[in-house]
Every structure is written in C-alpha cells, then in structure tokens.
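Here is the structure we will look at, set down as structure tokens.
Note that these values count all heavy atoms, side chains included, but never hydrogens, waters or copies made by symmetry.
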Amino acid sequence: MGAVPSTPSLSGARPQDTAGYLIGSFVGEKSFPIGSDFWQKLLELPLNLHWPTHRVHEACKLFAQNNCNTRHLAKILIHLSWCLQECVSNSGALSEVYAKALNAVYISSIFLKYLIENAQSNSIEEFHVSLNESEPAPNSFKTDQNIMSLVMHNVLNFIGSVEVSPNTYLLHQELLNFMLVAMSTQLLYGPAPGPTDMNPFIDAAMAQESSLVRLVVRRLLLNYIIRPRIPFNSASYPVFSGGSQPGVLQRVSSAAATFVLLPFNYLVSSTGDGPRNPLADISLHVLLILNYYRKSVVGDESLTDRSDDSATSDSLSKGKTYFSDNPYCKALENARDIEFDRVDIEGNAHSGSHVRLPFASLFDTLGMCLADETAVLLLYTLVHGNSDFLEYVLVRTDLDTLLMPILETLYNASKRTSNHIYILLIILLILSQDSSFNASIHKMVLPSIPWYQEHLLHRTSLGSLMVIILIRTVKYNLSKLRDLYLHTTCLATLANMAPHFHHLSAYASQRLVSLFYMLSRKYNKLAERIDDKMGKSGSFGQDSLAEDLSAELHIYTDFLRIVLEILNAILTYALPRNPEVIYAIMHRQEVFEPFKNHPRFSELIENIYMVLDFFNSRIDSQTHDGEWSVEKVLQLIIMNCRSWRVEGMKMFTQLYFSYEQESHPEEFFTPYIWRVALAHRGLSFNPSAINLFPVDLPIEASSRFALNFKDINMLML
C-alpha cells in the first residue's frame with residue numbers, strides 16, 4: 001500500500017497511464033542506465049498526470065528510499081544538462097528539446113526539494129548525486145565528474161546565454177525555480193555560515209568562470225527590468241483556466257503548462273498569491289540569494305595573514321576561518337551603465353569585464369516597485385555596493401521617482417515589516433551623505449501629496465516632505481516599535497540634511513520643533529522616574545531596572561543633543577534661507593527653557609536664545625496696533641534676516657553621519673531574503689527542517705542587521 005502504481009505494459013496504454021508507469025519506474029527499485037531509452041520516454045511524453053498531494057508525497061518517499069541504489073536523481077540531472085547543452089548550441093533547437101528540458105528540470109525540482117527538506121545528515125553523499133562506478137555510460141561521459149557542478153554550469157549557461165523569447169520563456173522560468181530549490185540547502189543551517197555547512201549547488205554556482213557569472217547577473221537584472229510576460233494566451237492552456245479543482249499546472253510561477261505532472265500545491269503553497277511578474281520576481285530572488293551567499297572556509301595561517309585587516313580580525317575571532325570570494329557580489333558591485341562607462345574615458349579598453357546595464361531603465365523599474373521588499377533590497381544593494389549606480393542616482397534630476405515611493409512606504413510604516421522600514425531608512429541615510437542630494441531635493445516642488453492625510457501639503461518641496469516623513473517615523477517608532485536604531489537612522493539623516501535646508505516649509509519647521517518637544521517629554525519622564533527611585537531608596541542603586549533607566553536616559557540625552565545640533569546647523573549655516581524655522585522656534589520658544597542650564601545642552605541652547613533674542617527684540621521695537629498676524633511676524637523675520645550676523649554664535653563642528661555595513665551582513669540578509677522569497681514565491685518548505693530563521697515568528701529580524709554609523713564629527717550615540 002502507498003506505492004506508486006504502474007501499468008504492466010507500455011504498449012497501447014493511454015497517455016495518463018504511460019505517465020504513471022514512467023514515474024512509477026523513476027521512483028521504483030529498478031535502476032535504468034543513463035543511456036537507456038527509458039529517459040527519452042520519460043522526458044518526451046506529455047506528462048499531465050494529476051495526482052493529489054499525498055500521492056506525490058508517497059512517490060517522493062519511495063524515491064528517497066531507492067535513489068541511493070538507482071541514482072536516478074543524478075541521471076535525470078545529467079539528462080537535463082545534455083538537453084540544455086543542445087538548446088544552447090543550437091539556437092534553432094526544436095520545441096521537443098525544450099519540452100524534454102522542461103520535464104527534466106521540473107521533475108528534478110520536485111524530488112530534489114524533498115531530499116533537501118528531509119535530509120538526515122550534514123553530508124552531500126545523502127543526495128547520491130553521483131553515478132556508481134559500475135554504471136554503464138556513454139564514452140563521452142566521465143562517470144567521476146561532479147554532477148552538481150555539471151548541472152549548475154549548464155543551467156547558468158542557458159540563463160546567461162539564451163535570450164528570453166516566447167520559445168524560451170518557460171524554460172528560463174523553470175530553471176530559476178530549480179535554482180531556488182537547489183539553493184534551499186541554506187535553509188538547513190543557521191544564519192552565521194560555518195565551515196561544515198553544505199551548499200553544494202550554490203558552491204558550484206560560485207565556482208563558475210567570471211565571464212559566465214557576468215552574463216547571469218546581467219540576464220537576471222534584465223529580466224527584472226524588462227519584466228517579460230507569459231508569452232501565450234492562457235485560454236489555450238487549460239491549466240490556467242479558473243476551475244474549482246486545482247490542476248497540476250495551475251500556478252503562475254511555473255508556466256511549463258503542458259509538461260508538468262505533479263500537483264500545484266506540492267511544490268507551491270496553495271495560499272500563495274501569484275506574483276505580479278513571475279520571471280522578474282524569481283530572477284531577483286535568485287540574484288539576491290547568490291549575491292549575499294558567503295562560504296566559510298577553514299584556512300591556514302598564511303591564508304589568514306594575506307587577508308586585509310578586517311578580514312584578519314574576523315578570521316581570528318571565528319577560529320581561523322575566512323569567506324571565499326563571491327563573484328556574483330563582485331559582478332553586481334562593478335556593474336556599469338550601458339550609456340556611459342567611466343572605464344572608456346580613462347582609456348581602459350577592458351569594458352567587457354563589467355556587467356553593462358541600462359541604469360535609466362533600472363532606476364525607473366525600481367521606482368515602480370519599491371512597495372515590494374525585494375526591490376528595496378536590490379536598491380539598497382546597489383546604492384551601498386555599486387558606486388557607479390549611486391552616482392547615477394545622485395545626478396538624476398527626477399529624484400522623486402525613487403523618493404516618493406520610499407516616503408509613501410514610510411508613511412504607511414504600520415502596514416510594512418520593520419525590516420522593510422529599516423532598509424528604506426538606510427537608503428535615505430546613504431543618499432543624505434551627498435551634499436548635492438541634500439541641496440537638490442529642496443529645488444523640486446510637489447504640487448500636492450494626496451496620500452498624506454494629517455495635513456494639507458500644497459506646493460511642498462521634496463526636501464520638506466522628507467523632513468516631515470522622517471520626523472513622523474520617529475514619532476511612530478516612539479509609540480510603537482521603540483527601537484533605538486530606527487531613531488538613530490532618522491536623526492542621522494536629518495543631521496546630514498540640516499545645513500542644506502532651503503525654504504523649509506512651515507509645517508516641516510513646526511514638526512522639527514515638535515520633535516524636540518516630543519523627545520524632551522520622554523527625557524523628562526525618564527528623569528522623573530529616576531528621581532522617584534532615588535527619593536524612595538535614598539540612592540539610585542545598581543539593580544537591573546536602575547541600570548536600564550540610566551541607559552535609556554543617556555540615549556535620550558544624546559537624541560536631544562542631536563536635535564539641538566540639527567537646529568544649530570540650520571541657524572548657523574542656513575538661517576537666511578529658512579525664515580519658517582525661525583518662526584517655529586519663536587512660536588514654541590518655551591520648550592527650550594527647561595534645558596538652558598542643563599550641562600549637556602546649555603551651549604547648544606545658548607545659540608538658539610541668541611537668535612531668539614535678536615528677532616524678539618526686532619519685533620518688540622516695532623509699533624503695531626492690534627494682534628500680530630503670522631504673515632506680519634514672518635514678514636519681519638524675513639526682513640531682519642538680511643541684517644543677521646552669525647559672528648556672535650558659538651560654532652560647532654558640523655554633524656555628519658555615514659553608514660557602514662557591518663562585517664557580516666549575510667547573517668541578516670540571508671535569512672531575510674529567504675523569508676521574503678518563500679513568502680512571495682509561495683514555496684512551501686518543511687518547517688521543522690528550517691534552521692536559518694525561527695519559523696514560529698513573524699517575518700521580522702533584529703534591527704541590528706547592518707547598522708554601524710560613523711559620525712565624522714565626534715558625537716556618537
């Protein structure tokens with residue numbers, strides 16, 4: 001009972017019976033030589049057998065029991081490699097060759113996935129992806145070659161070398177699905193890569209020639225940019241019709257409609273939503289997984305000594321291990337704009353050593369997709385790691401293409417994961433490190449912002465909107481997330497922007513002063529709790545609560561000081577250009593009064609009161625009947641800005657925060673990317689087998705993922 005049924009004879013059998021017989025033979029005890037015509041029959045027939053999930057599970061169990069003797073996984077991977085070689089070598093290959101490749105890759109994905117998620121040991125040998133020494137094979141095939149390297153080379157070679165077209169679309173997509181399955185061995189291990197981790201398929205991908213790696217990275221990014229559609233009318237393929245019974249092929253993520261035999265809900269969860277563009281989405285998932293992969297290798301002393309300083313310290317701290325180079329990460333970091341290549345200008349003719357992409361199209365595509373976490377991950381990866389792309393972004397005159405969706409997503413932070421929010425904020429921090437960016441965002445005026453509901457924003461500059469959203473994010477974090485790093489990122493970005501503020505809007509100026517008031521209230525409450533504790537016990541004590549309160553008070557002291565430094569930067573470097581900021585400070589000047597004599601704040605408050613005294617005296621000297629209107633006060637401020645002199649103010653070194661990724665970002669990014677990939681692809685994986693992240697928790701991770709701020713000044717939290 002439970003075995004996969006098969007028919008006693010192939011002759012005269014119906015197609016469904018034939019498919020059942022062939023699959024039964026594939027998972028059964030009998031080993032078919034690699035040169036047997038069984039493989040041609042298996043891969044050439046339209047395998048459209050509809051099986052329920054439990055039947056597929058039974059077939060997989062039987063396959064796992066017998067594969068150690070039959071080596072059928074190795075053999076179907078070899079046939080897949082041969083099919084792909086034929087497809088690549090003959091651009092006009094017949095559709096039958098593509099059909100065979102599609103069958104081979106999908107059958108391989110089903111059974112390989114089962115073996116991976118049910119692995120019992122940390123050994124490659126458990127998959128039995130090799131041939132027995134006694135196995136008869138064609139003369140052209142070396143039985144001792146690494147089959148995982150063979151299949152990954154041919155999969156990547158097809159992806160990188162063959163254009164996506166109506167004839168090849170389906171195979172491109174199934175090969176990327178196969179790669180996702182093959183790389184899922186990462187799910188079996190913890191987030192920190194170790195020397196004993198076994199990821200043979202990814203390691204094989206890392207071992208490819210750099211020229212092939214560049215072709216693959218280019219193709220994956222072009223798939224994401226171009227976003228090709230399924231190249232046929234779904235009505236002509238019954239599997240795409242909307243019936244009440246889910247069919248074998250009712251999954252948008254696999255367009256190999258007439259060639260797949262196993263049920264939809266085995267490889268893909270039935271609850272997963274179909275992605276907006278399946279080929280684009282899976283291309284990006286595969287690229288990100290490849291980009292952030294790190295292989296930990298145990299090295300000798302000489303290897304460790306040859307590393308750079310940071311790598312050496314990492315090696316020593318991790319027991320003389322080091323990370324091998326990742327060619328996909330290097331290719332992505334060195335990608336160049338197809339329209340402009342700095343290498344050509346410098347006289348170096350080796351432009352072929354770089355991936356060349358249409359940065360303009362990539363920029364526009366990212367702008368359309370930033371509501372999606374994978375798009376945000378790609379944008380972060382590019383602006384942090386690729387200096388050419390960052391430079392391209394900074395010189396664009398339509399920065400609103402990227403910034404508006406980022407700011408709108410931050411506005412709707414409660415509907416997003418915290419990781420999504422963190423990475424968006426890091427992107428803004430990276431951009432704010434450039435003075436030209438900080439200046440240019442104030443030159444673009446937005447006629448309206450319909451999604452901002454709290455206040456009517458009419459003809460607001462992009463810079464003012466960015467200030468408003470960053471302050472709103474701090475407020476949201478203060479009430480909901482209460483995360484130190486989110487506060488730090490927002491305030492660091494505002495500090496970088498402050499000296500370049502230009503005609504900050506009235507609402508943004510009010511929000512800035514309100515930010516100080518909001519943080520000061522939190523500071524005062526903490527100080528009162530500490531005073532109460534000291535009053536009751538006579539001393540502050542050294543218990544855990546006292547230590548926590550003291551640490552939190554110190555943090556908010558630093559936050560308040562940063563906000564005061566932001567205000568000082570505006571008053572010192574940009575006062576004549578920001579009359580609304582002066583008005584907002586004058587309107588709420590009482591909020592600064594309690595801190596005039598505070599030892600940590602007094603010198604910064606002193607400058608604010610110097611400005612207040614100057615403008616208050618100018619207004620007091622004016623004779624005016626009746627109430628002062630906002631317009632009248634603002635007019636006087638603008639007029640007296642011309643006579644303001646900064647010489648009397650105490651000058652502080654300008655705050656400047658830069659972002660530096662921590663030395664082991666893969667410990668955050670690898671689990672995060674896999675969680676997003678599994679959720680977006682709807683790929684169901686055995687939860688008990690996952691060690692990469694806790695499966696019983698929501699898709700959140702530590703916000704400490706890659707935050708390491710370098711304040712070029714001296715103030716650091």
Side-chain angles (χ1 to χ4, degrees), residues 1-7 16-32 42-43 45 47-77 80 102-121 126-129 174 177-178 180-185 187-188 201 239 243-251 253-254 256 259-272 674 677-679 681-692 695-696:
M1 296 293 290
V4 177
S6 61
T7 57
Q16 287 195 350
D17 295 331
T18 303
Y21 179 93
L22 291 169
I23 292 299
S25 300
F26 177 73
V27 304
E29 296 179 357
K30 181 180 178 180
S31 174
F32 290 90
L42 176 66
L43 300 181
L45 286 174
L47 302 177
N48 53 6
L49 185 63
H50 292 237
W51 280 354
T53 303
H54 74 276
R55 293 283 299 282
V56 179
H57 188 72
E58 290 171 358
C60 288
K61 287 179 65 177
L62 193 60
F63 176 81
Q65 293 170 16
N66 295 320
N67 182 55
C68 58
N69 297 317
T70 64
R71 305 299 171 106
H72 278 179
L73 178 61
K75 293 170 186 176
I76 197 168
L77 291 177
L80 170 60
L102 280 163
N103 285 347
V105 70
Y106 189 66
I107 294 171
S108 301
S109 297
I110 290 289
F111 293 102
L112 177 60
K113 176 180 177 292
Y114 181 86
L115 293 178
I116 291 173
E117 62 185 348
N118 290 280
Q120 300 298 314
S121 68
E126 186 177 348
F127 297 157
H128 301 289
V129 189
E174 281 307 316
N177 282 328
F178 170 81
L180 199 64
V181 168
M183 296 189 297
S184 67
T185 51
L187 295 169
L188 307 179
F201 289 97
V239 296
S244 59
Q245 298 297 322
V248 176
L249 309 168
Q250 282 180 321
R251 64 182 185 120
S253 60
S254 173
F259 307 105
V260 187
L261 72 158
L262 299 172
F264 159 74
N265 60 352
Y266 181 71
L267 187 63
V268 177
S269 168
S270 60
T271 59
W674 269 107
L678 292 178
R681 300 301 304 162
L683 186 67
S684 35
F685 198 92
N686 180 8
S688 63
I690 297 176
N691 293 304
L692 186 60
V695 295
D696 55 340

Exercise. CG of L187 to CZ of F685: how many Å apart, nearest 0.5 Å?
Worked result: 5.0 Å

Exercise. Under the side chain to side chain contact (heavy atoms under 4.5 Å, CB included) criterion, do S31 and N69 qualify, and how do the steps go?
Worked result: CA-CA 7 Å; S31 174; N69 297 317; over 6 Å; no

Problem set entry | Worked verdict on Y106 versus N177 for side chain to side chain contact (heavy atoms under 4.5 Å, CB included) | CA-CA 8 Å; Y106 189 66; N177 282 328; over 6 Å; no

Problem set entry | Residues forming a side-chain contact (heavy atoms from CB on, under 4.5 Å) with N67, sequence neighbours excluded | F63, T70, H72, L73, L115, H128

Exercise. Any sub-3.5 Å donor-acceptor pair from K113's side-chain atoms to S684's backbone N or O?
Worked result: yes

Seminar exercise, completed: On a heavy-atom basis, the closest approach of L43 and N103 is O-ND2, 2.7 Å

Problem set entry | Stepwise side chain to side chain contact (heavy atoms under 4.5 Å, CB included) check, I76 with F26 | CA-CA 10 Å; I76 197 168; F26 177 73; 4.1 Å; yes

For this session: Applying side chain to side chain donor-acceptor pair (under 3.5 Å), name anything that partners N686, two or more places apart in sequence or on another chain.
Result: S688

Exercise. How far does CG of L188 sit from CG of N118, to the nearest 0.5 angstrom?
Worked result: 10.0 Å

Seminar exercise, completed: The reported gap from CZ in F201 to CD1 in I116 (rounded to nearest 0.5 angstrom) is 6.5 Å

Problem set entry | Any donor-acceptor N/O pair, E126 side chain to Q120 backbone, under 3.5 Å | yes

Problem set entry | Where at least one partner belongs to residues 66-77, residue pairs that pass salt bridge (Lys or Arg N to Asp or Glu O under 4.0 Å), sequence neighbours excluded | K75-E135

Exercise. Between I690 and W674, is any pair of side-chain heavy atoms under 4.5 Å apart?
Worked result: no

Exercise. Do you know the tightest heavy-atom contact between I23 and L42?
Worked result: CD1-CD1, 4.0 Å

Exercise. Do F111 and V27 touch side chain to side chain, with heavy atoms closer than 4.5 Å?
Worked result: yes

Seminar exercise, completed: Shortest non-hydrogen pair, P687 vs V695, comes out as O-CG1, 3.8 Å

For this session: Apply side chain to side chain contact (heavy atoms under 4.5 Å, CB included) to L180 and S184, showing your working.
Result: CA-CA 6 Å; L180 199 64; S184 67; over 6 Å; no

Problem set entry | By side-chain contact (heavy atoms from CB on, under 4.5 Å) - contacts of K61 (at least two apart) | H57, Y114

